[in-house]
Amino acid sequence: MAAFTIAAGTGNWFSALALGVTLLKCLLIPTYHSTDFEVHRNWLAITHSLPISQWYYEATSEWTLDYPPFFAWFEYILSHVAKYFDQEMLNVRNLNYSSSRTLLFQRFSVIFMDVLFVYAVHECCKCIDGKKVGKELTEKPKFILSVLLLWNFGLLIVDHIHFQYNGFLFGLMLLSIARLFQKRHMEGAFLFAVLLHFKHIYLYVAPAYGVYLLRSYCFTANKPDGSIRWNSFSFVRVISLGLVVFLVSALSLGPFLALNQLPQVFSRLFPFKRGLCHAYWAPNFWALYNALDKVLSVIGLKLKFLDPNNIPKASMTSGLVQQFQHTVLPSVTPLATLICTLIAILPSIFCLWFKPQGPRGFLRCLTLCALSSFMFGWHVHEKAILLAILPMSLLSVQKAGDASIFLILTTTGHYSLFPLLFTAPELPIKILLMLLFTIYSISSLKTLFRKEKPLFNWMETFYLLGLGPLEVCCEFVFPFTSWKVKYPFLPLLLTSVYCAVGITYAWLKLYVSVLIDPPVGKTKKQ
Amino acid sequence: MEKWYLMTIVVLIGLTVRWTVSLNSYSGAGKPPMFGDYEAQRHWQEITFNLPVKQWAKFINPDWIALHTSRGYESQAHKLFMRTTVLIADLLIYIPAVVLYCCCLKDISTKKKIANALCILLYPGLILIDYGHFQYNSVSLGFALWGVLGVSCDWDLLGSLAFCLAINYKQMELYHSLPFFCFLLGKCFKKGLRGKGFVLLVKLACTVVASFVLCWLPFFTEREQTLQVLRRLFPVDRGLFEDKVANIWCSFNVFLKIRDILPRHIQLIMSFCFTFLSLLPACIKLILQPSSKGFKFTLVSCALSFFLFSFQVHEKSILLVSLPVCLVLSEIPFMSTWFLLVSTFSLLPLLLKDELLMPSVVTTMAFFLACVTSFSIFEKTSEEELQLKSFSISVRKYLPCFTFLSRMIQYLFLISVITMVLLTLMTVTLDPPQKLPDLFSVLVCFVSCLNFLFFLVYFNIIIMWDSKSGRNQKKIS
C-alpha cells in the first residue's frame with residue numbers, strides 16, 4: 001500500500017498505467033475462461049505429482065503437455081505455490097476441477113507473471129527516441145507506446161479472460177528486442193534462447209534473430225557503402241553465441257536426452273496430425289484459399305461441372321480439428337506450407353543481410369517473419385497474430401508509414417480474436433475494450449503524426465469502418481435469422497475472411513515498405 | 001471540445017468497470033426466502049407489468065407474494081437482462097449528465113475536465129451498489145445531476161423539472177430538495193420580488209406542481225390510495241434506524257439504547273430538530289447569497305445533515321451525499337477524495353454480505369489512483385487549497401498560534417486511512433467474538449460516523465466563511 005501511494009503520488013505516469021491495467025485485470029477474474037484453464041491446471045498436476053520421466057507420457061487428460069521443458073519447470077514451480085491455495089487441483093485425476101480458490105490462484109499467477117512484461121515495456125520505452133512533438137505527456141511516443149503495449153486488447157482478452165500465459169513470454173521477447181537495441185547482443189540472444197524453450201511458437205521469428213546476430217554482431221564492421229566486410233568476421237562472437245544457445249538447450253532438453261525421450265517430446269511439441277486450419281480459421285492465406293475453394297465448389301455444383309458424389313461429406317467448415325481435402329483447388333500438405341512460409345520469409349531475410357539498418361531493420365524483419373509465418377503456417381491459431389502486433393507497436397510510434405500499417409493490422413487482428421469469447425456476459429466487455437483500444441490507438445497516432453499526410457486513404461477507412469456492421473450482423477442479427485440452423489458457421493467464416501483480407505493487405509504493404517526503403521548510409525563500427 | 005476522443009475513452013473505461021463489477025454476485029444471490037434488492041427490483045417489475053395501477057400500492061404482504069410462481073427466479077439469462085437494464089439506464093441518464101457537467105466547468109483546462117469526469121465515473125460507491133448489490137440509483141442521481149446542471153446554468157425551469165423527476169423516482173432525493181428550494185428562492189429574491197423575481201417564482205411553482213401531478217395522477221383516484229402510497233414511502237413506523245448505519249443515532253445507540261428508551265414520537269421530534277438545526281445556517285446563507293458554488297456545497301452539507309440525523313436512514317443513502325461531493329472534486333480534490341473513500345468504506349458490511357470484497361477493493365484502489373494522478377492531491381493540502389484560509393485568518397485573530405491546521409488535517413487523513421485499512425483487514429480475516437457478533441459492523445459504522453461528523457463541520461465552515469473572503473477580496477481589489 002505504501003509503494004502504491006508513493007508510486008501514484010510522485011506522478012510517475014508509467015507506474016500509474018501499469019497499476020491501472022493490473023486493477024483492470026483483477027476485475028476480469030470472474031469472467032469466462034476457456035479449456036486452456038483446465039490445460040494449465042492439468043499441467044500443474046502433472047508436474048507436481050509425477051516424476052520427470054512421466055511428464056511427456058502422461059495422457060489421463062486429453063490436454064497433454066505440449067510445451068517445451070522450461071514451461072514444464074515453470075508449472076512445477078507454480079504448483080508449489082498452488083498447494084497452499086487448493087491441494088485438490090494438483091490431483092491428475094481431478095479433471096475439470098475449478099474451485100474458486102483454483103480460479104483465484106491461476107488468475108493471480110497470470111497477473112503476477114505480467115510483472116516481467118511491464119519491465120520489458122519499460123525497457124522498450126527507453127529505446128524509443130521519438131520525435132519531440134509537444135511538451136504534453138500524452139503526446140510523447142514513450143507514453144503512447146506504453147499504453148499500446150500495457151493495455152493491448154489482444155493480450156488482455158487472451159491472457160486474462162480466455163486464459164493463457166502469453167504476458168511474460170512476450171515480456172521475454174520484448175526484453176530481448178530491447179537488449180538488441182541497447183547493443184547488449186549476448187543478453188538478447190540468451191533471452192531469446194530461453195524464450196524458445198518456454199514456447200516453441202517463437203520459432204516463427206528465429207530466422208530474424210539468427211540472421212541479424214550473424215550479420216550485425218558477428219561481422220563487426222561494414223564497408224563504407226554498407227555492404228559486408230568479410231574480414232571483420234569474429235570467431236569469438238560466433239562461438240560465444242553458439243555456446244549460449246547450446247547451454248540453454250542442454251539445460252532444457254538435457255534431462256530428456258538422458259532419458260531417451262527426445263522423439264516423444266518432439267512428437268508432443270509438433271503435432272502434425274492436426275488439420276491445415278484450426279476449428280475457427282485463423283485469418284491467414286489459407287482462410288482465403290479455403291473460402292475460394294468453397295466458392296468454386298458451390299459454383300461448380302450449380303453449373304454442373306462437379307459431380308456431387310465426388311465431394312467429401314464433411315467440409316472444412318464443420319468445425320472439427322481433423323484433416324480434410326479441398327474439393328476444387330489442390331490440397332495442402334504440411335510440407336507445402338513450410339515451403340510457402342520459407343519463400344515468404346526469404347526476401348525480408350535477404351534485406352536484413354544485404355541492407356542492414358541496425359536494430360530497426362531487425363525489428364521490421366522480425367515482424368515480417370512473424371506475419372509471413374502466420375500467413376502460411378500449418379494449423380495456425382488466430383492468437384498468433386499477437387506475435388506480429390506487439391513488436392510492430394515499437395515501430396508504429398516512430399514512422400507514420402509504419403503507424404498506418406500497424407493500425408490496420410492491429411484493428412483487424414484484434415477483431416479476429418472476437419470469436420474466442422462467445423459467451424453473452426463477455427460480449428459488452430470485448431466490445432468496450434476493443435473500442436477503447438482502437439479509439440485510443442487511432443487518435444493518439446493521428447495526433448503524433450498530424451504534421452504528415454493522413455494515415456489512412458479512403459479505401460482503408462472504409463474497410464476499417466466495415467468492421468462495425470460486420471460485428472452487428474454476426475452477433476446481433478444472425479442469431480435471429482433462419483440461417484443459424486442451416487449454416488451455423490457462417491459468422492465465423494465471414495469474420496475469418498474479412499480479417500484475412502485486412503491482414504494480407506497489411507503484410508503486403510509492410511513488405512513493400514521494407515523492400516523499397518533506402519539502405520542506411522555509413523554505419524559505425526559496432 | 002477538442003479532446004472528444006479522450007472523453008469517449010473515459011466513458012468507455014467507466015462502462016467497462018461497471019460491467020465487470022456486474023459479473024459478480026448480487027444482493028441476496030441464492031439466499032431464499034427473502035433474497036435481496038435484486039429480487040425486490042424483479043418483483044417490482046413483475047407487479048408493474050402485470051397489475052393495474054390501482055393495485056400497485058397494495059402489496060408486500062408476504063402471503064400474497066408466495067402466490068406468484070416467478071418469485072425468487074434466478075437464472076443466468078435473467079441476470080444478464082437485469083444487469084443490462086442498469087447499464088442502459090446509466091448510459092442514458094447518469095453518464096451524459098456527468099460528461100456535460102464536466103464540460104461546463106469553468107476555469108480549468110480541458111485535460112483537468114476529462115480527468116474530473118474519469119474520477120466521478122470511477123466512484124466506487126455508486127458502481128458497487130448499482131452493479132454489484134443491484135439497484136437503479138443512477139437514474140435518480142442522474143436526474144438530480146441534470147437538475148443541478150440546469151439550475152447552475154440558469155435554465156431554472158428545466159432544472160427543477162429534472163429534479164422533480166428525480167424525487168418522483170426515488171423519494172430519498174428529498175434530501176437534496178432544500179438546497180434546490182433555497183437556491184431558487186434566493187435567485188428569485190435577487191431578481192427582485194416585485195418584477196422578474198416574482199415571475200420566476202410563479203413559473204417554478206407551476207413547473208413543480210405540474211410534474212408532481214403528472215407523476216401521481218394515476219394514484220389520485222382515491223384518497224385512501226394516496227395515503228397508502230405515502231405510508232409506503234415514509235415508513236415512520238419502522239423506528240429511528242434499522243440495521244447498522246453510519247449515522248448519529250446508531251452510533252449513540254452503542255452507548256445508550258435510545259431506540260428502546262425513548263417513545264416513538266419523541267424520537268421523531270428529536271431527529272427532526274437535530275436535522276433542521278444542523279442544516280439551517282447553510283440554507284439561510286444560500287437564500288441570502290445564491291451562488292453556484294454555494295449551492296453545491298449546501299447540497300453536500302444538507303444531504304450529510306439528513307444522513308447523520310434523520311429517521312430510518314439506510315447506509316446506501318450515503319450516495320446522496322457522495323454525488324454532490326463528486327461535483328466539488330475539482331475545487332477541493334484532497335478533501336473530496338478523502339470523503340469518497342470513507343463513504344465507500346461505510347458500505348463495507350453491506351458489500352461483504354454480497355460477496356463483493358474483490359471488486360470493492362479493486363475499484364477503490366482504481367478510484368484512488370485516478371484521483372491522485374489527476375489532481376496530485378497530496379500537493380494540494382495547504383490552507384488556501386482547502387478553502388480554509390479565511391477561517392484560519394479569523395481564528396488567528398483570537399489564537400495567534402493557530403498555524404497548524406493544514407498539518408493537522410494531513411495527520412487526520414493518515415489516521416483515518418490507516419483505521420479504515422485495519423478495520424477492513426480485521427473484518428475480512430478475523431471472526432468476531434461470541435458475545436459481540438456485530439462487533440466489526442458496529443466499529444465500521446462508528447468510525448465512518450466520526451469521519452462524517454468531521455466533514456459536516458468542515459463543509460459548514462467552508463460555506464459560512466466563503467463569501468467573507470469574496471467580500472474582502474472585493475474590498476482589496
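Per chain, numbering begins at 1; letters A, B, ... match sequence-line order.
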Fill in: Nearest-0.5 Å distance that lies between atom CG in L15(B) and atom CD1 in I429(A)
12.0 Å
Worksheet item: Under a 4.5 Å heavy-atom cut-off, does chain B meet the side chain of I442(A), its backbone, both or neither?
Response: neither
Fill in: Identified side chain to side chain contact (heavy atoms under 4.5 Å, CB included) counterpart of P425(A) within the set T20(B), T84(B), L23(B)
L23(B)
Discussion item. Report which part of L87(B) has an atom under 4.5 Å of a heavy atom belonging to chain A: side chain, backbone, both, or neither.
Written reply: neither
Worksheet item: Using non-hydrogen atoms only, which part of T16(B) is less than 4.5 Å away from chain A: side chain, backbone, both, or neither?
Response: both
Discussion item. Let me confirm one number: the OH-CG distance from Y440(A) to L12(B), rounded to the nearest 0.5 Å.
Written reply: 14.0 Å
Item to complete: Answer yes or no: are there more than 12 heavy-atom neighbours, outside D107(B) itself, under 6.0 Å from its atom CG?
Response: no
Worksheet item: Between P428(A), G20(A), C26(A), which has the largest tally of heavy atom pairs under 4.5 Å with chain B?
Response: P428(A)
Practice prompt. To the nearest 0.5 angstrom, please state how far the OG1 atom of T447(A) sits from the NZ atom of K3(B).
Written response: 8.0 Å
Worksheet item: Of the non-hydrogen atoms in A16(A) and L369(B), which two are nearest, and what is the gap between them?
Response: O-CD2, 3.6 Å
Discussion item. Heavy-atom pairs under 4.5 Å with chain B: which of I29(A), L27(A), L433(A) has the most?
Written reply: L27(A)
Worksheet entry | Segment of L104(A) engaging chain B (4.5 angstrom heavy-atom cut-off) | side chain
